[in-house]
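Side chains included, hydrogens not; waters and symmetry mates left out as well; all remaining heavy atoms used. This chain uses plain numbering: 1 for the first residue, then up along the sequence.
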Amino acid sequence: MEEIRKLSELYGEEEGVIVEVGGGFGLKRRLACLGIRIGKKVRKVASEPFRGPIVVEVDGAQLALGRGVAEKILVKVGE
């Protein structure tokens with residue numbers, strides 16, 4: 001069963017496909033330059049429970065994203 005969640009809500013080592021990137025033009029462009037685009041597979045690597053950055057892996061590269069940014073990225077998680 002597939003479900004759509006915010007990137008910040010993924011569990012440890014969980015992966016999915018990006019379905020939407022929110023925010024303004026500047027944020028979307030910056031994320032696209034980092035490889036975070038609709039259709040890309042993303043995997044959550046690490047995060048603290050309630051604070052600090054979220055580390056994700058996209059195309060073999062690890063990126064640290066702030067929680068506010070991670071809240072704006074929707075991911076389709078399924079089996």
Side-chain angles (χ1 to χ4, degrees):
M1 183 172 120
E2 295 179 342
E3 67 177 289
I4 295 178
R5 286 189 265 162
K6 296 176 184 176
L7 181 58
S8 60
E9 296 173 347
L10 293 182
Y11 302 115
E13 299 294 319
E14 193 170 28
E15 62 181 36
V17 177
I18 298 172
V19 293
E20 184 178 330
V21 178
F25 175 76
L27 177 62
K28 289 179 181 182
R29 185 176 65 180
R30 191 178 103 210
L31 291 174
C33 289
L34 293 172
I36 297 176
R37 305 181 192 97
I38 294 173
K40 288 282 194 164
K41 186 181 273 189
V42 64
R43 181 173 68 93
K44 184 174 180 180
V45 177
S47 71
E48 291 294 322
F50 299 106
R51 62 187 181 123
I54 295 173
V55 181
V56 296
E57 183 177 323
V58 179
D59 292 335
Q62 291 187 359
L63 308 167
L65 301 173
R67 285 197 182 269
V69 172
E71 291 276 322
K72 296 176 181 174
I73 300 170
L74 297 180
V75 178
K76 179 169 61 174
V77 182
E79 298 180 38

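Note on V17 and V21: separate hydrophobic clusters, where clusters join Ile, Leu, Val, Met, Phe, Trp and Tyr whose side-chain heavy atoms are under 4.5 Å apart, directly or indirectly. Criterion: ILVMFWY side-chain heavy atoms under 4.5 Å apart, direct or through other members. Under it, V58 and L27 are part of a common hydrophobic cluster.
Atom CD of E14 is separated from atom CZ of R5 by 4.0 Å, given to the nearest 0.5 angstrom. Between R67 atom CZ and I54 atom CD1 the span is 4.5 Å, to the nearest 0.5 Å. Rounding to the nearest 0.5 angstrom, the gap separating the CG atom in L7 from the NZ atom in K44 is 7.5 Å.
F25 belongs to no multi-residue hydrophobic cluster, having no ILVMFWY side-chain contact under 4.5 Å with any other such residue. Other members of the hydrophobic cluster containing V45, listed by chain and number, are V55; membership follows side-chain contacts under 4.5 Å among ILVMFWY residues, whether direct or relayed. Its side chain outside the 4.5 Å cluster rule for every partner, I38 clusters with none of the Ile, Leu, Val, Met, Phe, Trp and Tyr residues. In the hydrophobic clustering, Y11 connects to no other residue, as no ILVMFWY side-chain heavy atoms lie under 4.5 Å from its own.
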Apply side-chain contact (heavy atoms from CB on, under 4.5 Å) to L65 and V56, showing your working.
CA-CA 8 Å; L65 301 173; V56 296; 4.0 Å; yes
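Pairs passing the salt bridge (charged side-chain N to carboxylate O under 4.0 Å, His left out) check and including a residue from residues 15-31, sequence neighbours excluded, read E15-K41. Applying the side-chain hydrogen bond (donor to acceptor under 3.5 Å, both in side chains) test to every pair with at least one member in residues 49-58, sequence neighbours left out, gives these pairs: R43-E57.
No side-chain heavy atom of V42 sits less than 4.5 Å from a side-chain heavy atom of I36.
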Side chains of residues 68-76: which donor-acceptor partners sit under 3.5 Å, not counting sequence neighbours?
unit_1: E71; atom_1: OE1; unit_2: K6; atom_2: NZ; d: 3.1
unit_1: E71; atom_1: OE2; unit_2: S8; atom_2: OG; d: 2.7

